[in-house]
Every structure is written in structure tokens, then in C-alpha cells.
Colleague: 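Following this message is one structure expressed as C-alpha cells.
Computed from a prediction, not measured in an experiment: that's the story for all the values here. Whatever order the structure lists them in is the order used to number ligands and atoms, beginning at 1.
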Amino acid sequence: MQQKQIVAESVNAGLEVRDYERSLARSAMSRTRADRPSTFDLRGRTWDLLDEVFAPIYSPSTRIGLDFLGWTEEVLAPRSGSLLEVGCGTGMIAVTGALAGCDRVVASDINPRAVENARLNAVRHGVADRVEAVYSDMFEGLDPAERFDLVFWSSNYVLAPAGHTYGSAHDAAYVDPGYAAHRRFLAGAGERLTPGGSALLHFSSRGDLDELYSMAAQEGRELRTLRSQFVPEGELMVEHLLLEIVPAAL
Ligand SMILES: C[S@@+](CC[C@H](N)C(=O)[O-])C[C@H]1O[C@@H](n2cnc3c(N)ncnc32)[C@H](O)[C@@H]1O
């Protein structure tokens, strides 16, 4: 791990990995490129992709999120129980959860096009009876009484200045102004769990880990690193992390 960290630091030397403007430029490129398809193939399946929705083909994040959950290229680890995927985008992770055996999946997003997109992919893959796509700003639009065995968010981990306003709904997949959404996830994910359930955040070194840890502490939470993977992304080497959010020890 130490070795990989050193390699990442030397690859990234002189480049600001956490630059939010770089991420907004990536967002604009992914949103507007002329060859952006209306469907794509990934993990042996075809998926719908609507305009304005985060495209799993232009970033490794979705694939890494799937790998972190045990749904790799080779194996679809069986999973039972319920899943809340916050920030579902195309719904690829939520739908894969249903295909892996989850009997109840809620796929939510602040981007209405993503909600529609997740619905389309649930129908396309025959799991619309188990996947409910819901428009929700973090937990606001969800049934406050419902509890889940797994709450997962593959987040917009790049920190933008607190006053930043999104130029498009698509940008909400890339940056989080002032980490306001992250603070709400840290504070609220645990309250949505069944006893023994787990709240997981897929974050990366494009984000501000120190700020995230400090926010978690302010919200009475601790973060445990469950998985880490270094991935070349263009000219950068990025570390992806699967973090579990747990109550802080008293
Ligand atoms: C990196 S994308 C991940 C999309 C999808 N899960 C995937 O892996 O392909 C982050 C997602 O979080 C959503 N998001 C950002 N802020 C949110 C909020 N406050 N409430 C709900 N979803 C949010 C974005 O719209 C985007 O779809």
C-alpha cells in the first residue's frame, strides 16, 4: 500500500489531483461529447444512458464501486436484504444489487434524469418489481421510516467552494460545494440502517479526505477504510476508497 502511495505521488507530481475546476471540465466533456451514446455495454449487459446523467463509460468510478461491493467482472457475489443506493445515476449499481439477490432496492438521485434512467434500466433488466427509483435530495424524498441493510453512495467526492452553483445537473455527479451533501450523508446514513446494517461511502483521493474525516468527527462518526484501489485516470493516479461510516466510540 505504502509503495502504491509513493508511485501515485510521483505520477501526480506537480498536478493538483483535487482541483475542482479540472473535475468540472471532465464533467463538461462527458456531458457534451459528440460520441456520447444513448446505450452502453458494461459488465456483460447493455444499459440506457440519458442526457445529463453520469456516464459510467467515461470514468472508472462505477466499475470500482461495483467491484467494492463484490460485483466484479467475473463474479456477482450473492447479496440478500435491502439496498439504498444514494446518487444512483444510470442505476447500474442499484440494478446489479437486485440481480445479485437484494429483494428491495431504492435508487435515489437529486438529478431527475438519473431517476428516470435508473427506472429504465430496472425495466430493461427485469428487476422493476424490486427496484424503486426515487427523486431525493440526499434522504429528504425517502420514506423516513424505511430501513436498509446497506446504504451506499458512490459520491461526487471533489470539494468545490461552498458558494459554487451547478451549471448543469450533470455537474452534481462530480463536485460537492462545501461538502454539504457529504455532511448530510455522514450524519444521516446510519439512521437509515437496519440493526447490523452498514453505511458505505465510495470516495477517492480526488476528494479532501482530511475535510471528510473532520466532518465525520463533527457529526459523531468515524470512518473505517474497508477497501482501497489505485487507478490510473488520464494523467493522474487516483486512490479509490470504500469507507464505512460508524458511530464514533464514546
Ligand atoms: C459519481 S456519480 C455516481 C452515479 C452512479 N452511482 C454510478 O456509480 O454510476 C454521483 C451521483 O450522486 C448524485 N448526487 C449528488 N448530490 C446528491 C444529493 N444531494 N442527493 C442525491 N444524489 C446526489 C449525482 O447526481 C450523481 O448521480
Side-chain angles (χ1 to χ4, degrees), residues 20 23-24 26-27 30-31 36 39-43 45 47-69 71 83-98 105-122 131 133-142 150-160 162 164-189 192 199-207 215 229 231 233 238 240-243:
Y20 82 96
S23 287
L24 287 174
R26 290 175 70 228
S27 170
S30 161
R31 184 171 65 88
R36 187 180 155 103
T39 61
F40 63 93
D41 292 332
L42 210 57
R43 295 284 156 99
R45 294 178 184 275
W47 304 88
D48 287 294
L49 174 65
L50 298 181
D51 291 348
E52 294 295 325
V53 178
F54 179 80
I57 43 174
Y58 300 136
S59 156
S61 286
T62 314
R63 277 164 283 163
I64 295 167
L66 287 164
D67 288 351
F68 278 164
L69 295 173
W71 302 326
L83 162 68
L84 166 62
E85 194 202 359
V86 170
C88 59
T90 59
M92 211 186 143
I93 292 175
V95 166
T96 303
V105 179
V106 173
S108 70
D109 208 290
I110 195 172
N111 177 351
R113 296 288 277 168
V115 178
E116 193 186 338
N117 205 150
R119 219 168 264 145
L120 283 177
N121 279 320
V131 178
V134 179
Y135 170 79
S136 178
D137 179 0
M138 199 44 64
F139 304 111
E140 261 173 35
L142 307 179
L150 175 62
V151 174
F152 176 77
W153 185 25
S154 184
S155 78
N156 50 0
Y157 33 67
V158 178
L159 177 62
H164 176 78
T165 49
Y166 291 127
S168 78
H170 189 271
D171 288 350
Y174 283 78
V175 306
D176 179 13
Y179 274 173
H182 280 80
R183 183 182 287 283
R184 290 161 67 206
F185 188 75
L186 291 169
R192 303 279 162 171
L200 302 180
L201 175 66
H202 172 190
F203 200 75
S204 93
S205 57
R206 287 185 187 274
M215 266 188 183
Q229 194 178 323
V231 182
E233 294 185 23
V238 176
H240 285 255
L241 297 158
L242 183 67
L243 304 171

Colleague: Do the charged groups of Arg31 and Asp51 touch, with an N to O distance under 4.0 Å?
Modeller: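 Not counted as a salt bridge, because no side-chain N and carboxylate O are separated by less than 4.0 Å.
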
Colleague: Check for me whether the distance between the ring centres of Tyr174 and His170 falls short of 6.0 Å.
Modeller: yes

Colleague: State, with a plain yes or no, whether a side-chain heavy atom of Arg43 is found less than 4.5 Å away from one of Thr96.
Modeller: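 No - every pair of side-chain heavy atoms lies 4.5 Å or more apart.
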
Colleague: Hey, what polar pairs (N/O, under 3.5 Å) does ligand 1 make with protein?
Modeller:
unit_1	atom_1	unit_2	atom_2	d
ligand 1	6 (N)	Glu85	OE2	2.8
ligand 1	6 (N)	Gly87	O	2.8
ligand 1	8 (O)	Thr62	OG1	3.3
ligand 1	9 (O)	Thr62	OG1	2.7
ligand 1	12 (O)	Trp153	NE1	3.2
ligand 1	19 (N)	Asp137	OD1	2.9
ligand 1	20 (N)	Met138	N	2.7
ligand 1	22 (N)	Ile110	N	3.4
ligand 1	25 (O)	Asp109	OD1	2.6
ligand 1	27 (O)	Asp109	OD2	2.6

Colleague: Judged by atom type as modelled, is there a donor-acceptor pair below 3.5 Å linking the side chain of Asp176 to the main-chain atoms of Leu159?
Modeller: no

Colleague: Please confirm whether the ring centroid of His182 lies under 6.0 Å from the ring centroid of Tyr157.
Modeller: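 Aromatic pair excluded; centres sit 6.0 Å or further apart.
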
Colleague: Looking only at side-chain N and O atoms, does Thr90 offer a donor or acceptor that is under 3.5 Å from a partner on Asn121?
Modeller: no

